[in-house]
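Worksheet: one structure, shown below.
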Amino acid sequence: MNELSLFAEDKTTALVEGLNPQQREAVEYRGKALLIVAGAGSGKTRVLTHRIAHLLATKDSWPSQILAITFTNKAAAEMRERVKHLLGEAADGMWLKTFHSACVLILRRESERLGHDANFTIYDSGDSRAILKRLIKELGADIHKLTPAGVGAAISNAKNELADAESYARNVDQNDPVARMISEIFTRYQHELRKNNAFDFDDLIGETVHLFRAFPDVAAQYQQKFKHILVDEYQDTNHAQYALIRELAKNASLTVVGDSDQSIYAFRGADIRNITEFEKDFPGAKTILLEQNYRSTQNILSAANAVISNNFDRPSKNLWTASGDGDKIVGYTGYSAHDEAQFIADEINKLHSKSQGDDAIAFRDIAVFYRTNSQTRALEDIFIRSGIPYRVVGGTKFYERQEIKDAMAYLVAIANTRDDLATRRILNVPKRGIGDASETQIANYAEKNGLSVRQVLSHVSELGFGPKITGAINQLAELMDNLEAMIPTETVDAILRTALDRTGLLETLRNSKDPQDEARVENLEELVSVAREFQRNNPEGRLPDFLNEVALVAAADELDDESGTVSLMTLHTAKGLEYEAVFLTGIEEGLLPHRMSFITPGGMAEERRLFYVGITRARKKLHISLAMTRTTFGESESATPSRYLQEIPADLIDWRESGSGRGLPSTRYRESIADAQGYGSGSGESSGGYGGTPSTKEKKVWNGAISSVRNNGDLQLEVGDMVEHSDFGRGKVIATAGEGARQTAEIHFGSVGVKRLLVKVAPIQKV
DNA sequence: ATGTGCCGGCTTTTT
DNA sequence: GCCGGCACAT
């Protein structure tokens, strides 16, 4: 054995060192089909990266022969980094992608075969909704109570089943006028996409499958290219994704990793049977179970196991850990959502300070999860007042903000000149006197003459507009031409800057007196830095590459590990992540399980899996909280504890301050809270009845959220000062930190206890 | 063409 | 309790 092979052998041995026997087998197994059933926290990312590195180190495959599909771009990037680290060299040429980004790559190469150009636009759900809204109006479909979201869901479901508009129309019940209407909208919607040279999210997958089936020579290229295909989160694949994998894996070995207990995307077509029937599906497939958990304490795992065992019809599986019991789970029942949020803020402060001991937990290692995005309101409210740095992951996404969509529409419109949606969007943004009537006239002219809206802009003289409008359109057309000419040579941020300057978009917002426009300016500046950052990371990247990347960012991609902030996100977004301390909020009937799931087949089991996913994200500290009353639609309703709470053995939970256990506070407690906090009197927030009235105004806070915040001006507190708080009553300052707008104060409020507050925005008054 | 103000519906979850 | 659509005013 020569030195070189000895070295190679060392390297491969090193790749399985420190792995448990099952993990090791999962790394070394070679065969056509492998299912790795990976319980939560069982080290599946480790197994996946080591397996890929092992395939390369043993010369089983070249990098270019490997395709690994992950759920988010962030996970893909992380995996590439880890493989590189393991091999000590970059494995360039590997396809490490999400389903959507892999399909985009394929579609850009082969787009002509589907009647698109390579520079097609990817429409997000907002774009789809805009088109559907127009079609519904045109067809008068609103009399059937059809909404853009409803029709959109129907079309999406169809596409996830690989139905196109024609097959949908064939299978529609002709006696059902609503179904026929949906079918008609579907047909026109597809026509619109094609005309605009665009695909929606679902098309990216579905059209790739259709491409492979219609053009076997194209499919063959990829079937020959890939020798190993690895798919993460396999339990959340839908039929279209499944079909895509089947096409691609014709000659390749397939490795899928997943956990049916964590399947939480049935609503977008995920079919749990893809994983549960894998062995039937791929005869001779090998299955490896990873049951040892390396993440959580035993108490957390016991709770998770107890909850999930209530789902029948699941292959039994029991997570275990070699680490100790750890702390008990902390439970809390608040009087209201605000009270619940206050508890969380207090706990976070405790965890964070721990008086700077070794046990102190950094903000970035703490996360708060919730079922619905609307729950962020109360949390943000309290966090701002408590001076806790936080970040909402997902939610109203950056790229869905109006001003960002406007700016992006300029870029999209010049990159894909056939995109009428984008062109029409910016026609009168900023206002240049081209109103609805003119827009419709332009669109009609385009329709009649088979032109794009963009082309019509250059023929404006034929439309007979007045000199003012004609001038405005000519100016716009010239600007678009100039911007378009920059694409081949200029950087993305240069193009964006030019667009923002020459259109006056920034200027208009800067001069506006709408307080929200201040935040919009900052968002646009943020967009410029995003573009600059992209250019730095991709020196060769051009505008279309940028648009590509932007169109496919997922919520979890926004996570910034370096930011010293608490992360707030939905339970869905939390999948695949882990934190030292986790707060599960709103564990109430109607919220988790969500009321909409009551009537959904399998809904109750899916919601339970969601709870299970939440529990298993925590390493050391798990908090479960709920509120006794919750406001929905502006109406306060009483809530009852979630049925899932009773599935956790009582001895695992330490219910704080709640007398009767089981999450229901005693009457005595309830009254004391109501009294101490001034609830029940209906005063809720800033009752403002404390003499001099500090102003409350719309304010953009540093994390991008726009929130109505109280402003105490330059108020600064010193130790010993007495204050009056609208909720907590009278209190004494016992410590302060920071100064100016960032000053926080620890204040002792009698029976309510000690609270840490951000002085500038807390509803307090010095007395 | 653009601005304002009221009414109604609405919220699961996401690439 | 917020956003969007619509009617009406400028």
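By convention in this document, chain letters (A, B, ...) are assigned in the order of the sequence lines, proteins followed by strands, and residues within each chain are numbered from 1.
- Side-chain atoms of S438(A) lie closest to dA1(B) of the nucleotides dT14(B), dA1(B), dT12(B).
- For T570(A), the listed nucleotide lying nearest its side chain is dT13(B); candidates were dT15(B), dT13(B), dC10(B).
- Checked against dT11(B), dT2(B), dT15(B), the side chain of K431(A) finds its nearest nucleotide in dT2(B).
- At the phosphate of dT14(B), OP1 or OP2 sits under 4.0 Å from a side-chain N or O atom of N373(A).
- Rounded to whole Å, atom P of dT12(B) lies 22 Å from atom CZ of F369(A).
- Using a 4.5 Å heavy-atom cutoff, the side chains of D203(A) and K159(A) are in contact.
- Across the protein-nucleic acid pair, R595(A) atom CZ and dT13(B) atom C1' stand 14 Å apart, rounded to whole Å.
- D164(A) and H210(A) form no side-chain donor-acceptor contact under 3.5 Å, judged by distance and modelled atom types alone.
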Sequence neighbours excluded and cut-off under 3.5 Å, please list the side-chain donor-acceptor pairs for residues 73-80 of chain A, or say none.
| residue | atom | partner | partner atom | Å |
| --- | --- | --- | --- | --- |
| N73(A) | ND2 | L552(A) | O | 2.9 |
| N73(A) | ND2 | D557(A) | OD2 | 3.0 |
| R80(A) | NH2 | M94(A) | O | 3.3 |

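- For the pair I469(A) CD1 and dA1(B) C1', the interatomic distance rounds to 9 Å; values are reported in whole Å.
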Are any protein N/O atoms closer than 3.5 Å to N/O atoms in nucleotides 3-7 of chain C? If there are, list each pair with its distance.
| residue | atom | partner | partner atom | Å |
| --- | --- | --- | --- | --- |
| dG5(C) | OP1 | K133(A) | NZ | 2.1 |

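- Among dT15(B), dT14(B), dT12(B), the nucleotide with an atom closest to any side-chain atom of F201(A) is dT15(B).
- Rounding to whole angstrom units, CZ of residue F465(A) and C1' of dA1(B) are separated by 13 Å.
- Using a 4.5 Å heavy-atom threshold, the side chains of F598(A) and E607(A) count as separate.
- The list of side-chain hydrogen bond (donor to acceptor under 3.5 Å, both in side chains) pairs with a residue in residues 544-554 of chain A, not counting sequence neighbours, reads R108(A)-N548(A).
- Side-chain atoms of Q342(A) and E340(A) include no donor-acceptor pair closer than 3.5 Å.
- Using a 4.0 Å heavy-atom criterion, one finds that N428(A) contacts the sugar-phosphate atoms exclusively.
- To the nearest whole angstrom, the two P atoms, one in dT13(B) and one in dG4(C), are 16 Å apart.
- The ring-ring contact (aromatic ring centres under 6.0 Å, His included) test applied to F199(A) returns H116(A), F120(A), not counting sequence neighbours.
- The side chain of T372(A) approaches dT12(B) more closely than any other nucleotide in the set dT14(B), dT12(B), dA1(B).
- Annotation: salt bridge (charged side-chain N to carboxylate O under 4.0 Å, His left out) contacts of E138(A) (sequence neighbours excluded): R134(A).
- Note on T632(A): every side-chain N or O is 4.0 Å or more away from OP1 and OP2 of dC10(B).
- A perpendicular orientation is assigned to the rings of Y579(A) and F369(A), their planes being inclined by more than 60° (bins at 30° and 60°).
- Taking every heavy atom of residues 262-273 of chain A and every atom of DNA chain B, pairs under 4.0 Å involve Y265(A), F267(A), R268(A), by number.
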